[in-house]
Amino acid sequence: MSAARLAGKQVLLHDMKSIETLARVDVLCVDKTGTITTGEMSVSAAVDPVERKEISSFSQGNETSMKMLADYVSTVPDANSTMQAIRAWSGKGASLPAEKIMPFSSKTKYSQVSTSDHVYQLGAPEYLLDDKEREQVQSLLDPHLQQGERVLALVCDGKAVLFLCLKDQIRDTAVETFAYFKERGVEIKVISGDNPRTVSRIASSAGIDHADQYVDATTLTSAAMMEEAVQNYTVFGRVKPEQKKEIIAALHQAGRKAAMTGDGVNDILAMKEADCSIAMGNGSDAARQAAQVVLLNSDFASMKDIVGEGRRDVNNITRSSTLFLYKNIFSLLLAVFSIIHSFTYPLDASKVSLISLFNIGIPAFLLTLEDNQQKEEDGFLKNTLVRAMPAALTSFFTIAALMLFGMLFGIKDGDISTASTYLLSLTGFMILADITKPVNWYHVCVFILCAIGVLLACTTGFRTLFSISAISGKAAALCAVFAIAEFSVMRWMTQLLNALEKIGHLQLKKKKKQA
């Protein structure tokens, strides 16, 4: 049902379990372009390093450098959003007489065209120019970097010809989406191939916590440095494809559960390393095939829907499993007790069907449909056992005692069987009330519906269907006494298991501290 609801919201699941996996992650690694921003790039300005001036439009630039730019972008085959934005700004030029063309690569951070006379390059200034040449125009570029714009350098034979400043619009839903993850205790890590200052500024504008803590990934040259960086930094700039995988691996090493979003081939290594991988619908075919989740509308805000569905599944199935486990543990204990003491097992199939219907089946189904956004807890089996065990033990002790007292007072087996059904149903409602906290109108309606069902089954013509017969006064009095006792036994059992669980948590915490 979650998969169907998500499909209606343009979210495709390649792997069903990815819903609940994403609900449990505590670190979400995202790219800047296409995730925080819309991915629709545009050139805001250009900087002429020779004349040391800013150019607001193509027509205002130096004729030689502008022609070189137009010719270059008409020669390279790149069709990414950055190149499309530059072509829209510069217009169409004449193709260069290229002897060799190297398209843009996430690894090299630039593209290149070689002719018989010159070598032209377009890409990250840090990879194409030395520190001295960058410093000469840094004062002109700083305002654009502070606004979160991306800066590219057009280089001819190692000398900067032109700097291009590109801006990308932050998604309207970005602030709201990241606030949603913050409320749910999910840490955001921004991983990008762009300048870390640019990425940091955009991440701050999107409301990501600690976005001012950024690092240039080219300085992280060892696994130890990477492990330290994931603990201290939120933004990673100038990241190479293989480093994205190293970041995810370092998070795993730190005991974190990480999800990774991506849209290109360069993200696939990290996506496969992550606990859950998410691809944008407008990304590459390879990325979409490798991902467990695909956002067909390429809207990162859909992540809220996925996490919400995951939490609904995990929380509601945990509650439903508690109901099923309660009956199974009780049945096992009572069966062993009856065999050892040679008693007739008090509950026949018809009576068990009554309990299964109104204390387990119907409430479990209805609770599964509820929207449940509570923070899920780790340890599915432990949580269901801790919740189910008090009720199971309570039912076992009271019904076992009822059988012994029934034999002592000479009460017929049929009366004991019906009285046992009442006691088992009462404990079922007690555990139902416990797992539906906090109480709301939906929980109250489910409780009342199931209570009415049991009442009608025990007092109307349905009694024959469930083998519910009238009981003697002795059996009724004994049943009433044990029903009252059930409330105290249930409370004591719950307190005892909670105390044991607390002791276990303290011991585990002490061991971790010692380690």
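As the structure is a prediction and not an experimental result, all values here were calculated from the model.
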[X] (side chain) donor-acceptor with [Y] (main chain) under 3.5 angstrom:
X    : Y    : result
R171 : T37  : yes
T322 : T318 : yes
T219 : D216 : yes
H443 : K437 : no
N316 : R312 : yes

In this structure, are over 12 heavy atoms from other groups packed under 6.0 Å from [X] atom [atom1]?
X    : atom1 : result
E228 : CD    : no
E242 : CD    : yes
D172 : CG    : no
M16  : CE    : no

Is there a side-chain contact (heavy atoms from CB on, under 4.5 Å) between T394 and F487 once you walk through the steps? CA-CA 9 Å; T394 297; F487 288 97; over 6 Å; no
Considering all heavy atoms, the nearest [X]-[Y] contact:
X    : Y    : answer
S302 : K9   : OG-O, 4.2 Å
R201 : G148 : CG-N, 3.4 Å
A290 : S277 : O-OG, 3.8 Å
S200 : V235 : N-CG1, 3.9 Å
A401 : F482 : CB-CE2, 3.5 Å
R319 : I435 : CD-O, 3.2 Å

Salt-bridge contact [X]-[Y] (side-chain N to carboxylate O under 4.0 Å):
X    : Y    : result
K189 : E187 : yes
D26  : K257 : no
D348 : K351 : yes
D168 : R150 : no
R387 : D434 : no

Hey, which of H252, Q292, R24 is the one that makes side chain to side chain donor-acceptor pair (under 3.5 Å) with D275?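 Output: one option passes, namely H252.
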Please tell me if the side chains of [X] and [Y] come closer than 4.5 Å, counting only heavy atoms from C-beta onward.
X    : Y    : answer
T261 : L28  : yes
L357 : S353 : no
C29  : I248 : yes
I306 : L295 : yes
L347 : F330 : yes
V11  : V294 : no
M1   : L369 : yes
K244 : E273 : no

Has R463 got its NZ or CZ under 6.0 Å from the middle of the six-membered ring of F466, at an angle within 45 degrees of the ring axis?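 Judged by the rule, R463 and F466 form no cation-pi pair.
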For the pair F178 and F300, name the ring-plane relationship: parallel under 30°, tilted 30 to 60°, perpendicular over 60°.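 F178 vs F300 ring planes: tilted.
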Specify whether H341 and F343 have parallel, tilted or perpendicular ring planes, treating 30° as the upper limit for parallel and 60° as the lower limit for perpendicular.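 Parallel.
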Atom [atom1] of [X] and atom [atom2] of [Y]: how far apart are they, to the nearest 0.5 Å?
X    : Y    : atom1 : atom2 : answer
Q231 : Q253 : CD    : CD    : 10.5 Å
C479 : I399 : SG    : CD1   : 9.5 Å
R238 : S192 : CZ    : OG    : 8.0 Å
Q243 : F236 : CD    : CZ    : 10.0 Å
L393 : M493 : CG    : CE    : 5.0 Å
F409 : S472 : CZ    : OG    : 11.5 Å

Could you note down all residue pairs passing side-chain hydrogen bond (donor to acceptor under 3.5 Å, both in side chains) where residues 474-486 supplies at least one of them, sequence neighbours left out?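 Checked against side-chain hydrogen bond (donor to acceptor under 3.5 Å, both in side chains) - neighbours excluded - the pairs reaching residues 474-486 are T398-E486, T427-E486.
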Ignoring hydrogens and geometry beyond distance, is a side-chain donor-acceptor pair present between [X] and [Y] at under 3.5 Å?
X    : Y    : result
S2   : E309 : yes
S320 : T368 : yes
S417 : Y345 : no
E370 : N440 : yes
S356 : K327 : yes

Full working for side-chain contact (heavy atoms from CB on, under 4.5 Å) between S425 and L354: CA-CA 9 Å; S425 181; L354 174 66; over 6 Å; no
Tell me, with the steps shown, if T234 and D209 meet side-chain contact (heavy atoms from CB on, under 4.5 Å). CA-CA 8 Å; T234 298; D209 274 359; over 6 Å; no
Do Y442 and T436 pass the side chain to side chain donor-acceptor pair (under 3.5 Å) test, and can you show the C-alpha distance, the side-chain angles, and the key distance before you say yes or no? CA-CA 9 Å; Y442 186 76; T436 53; over 6 Å; no
Dump the intermediate steps for ring pair (Phe, Tyr, Trp, His ring centres under 6.0 Å) on F396 and F337, then the final yes or no. CA-CA 9 Å; F396 167 68; F337 177 80; 5.8 Å; yes
Please report the C-alpha distance between D31 and I191 in whole Å, then the side-chain angles of each, then the deciding distance to 0.1 Å, and finally whether the side-chain contact (heavy atoms from CB on, under 4.5 Å) criterion is met. CA-CA 5 Å; D31 193 5; I191 305 174; 6.0 Å; no
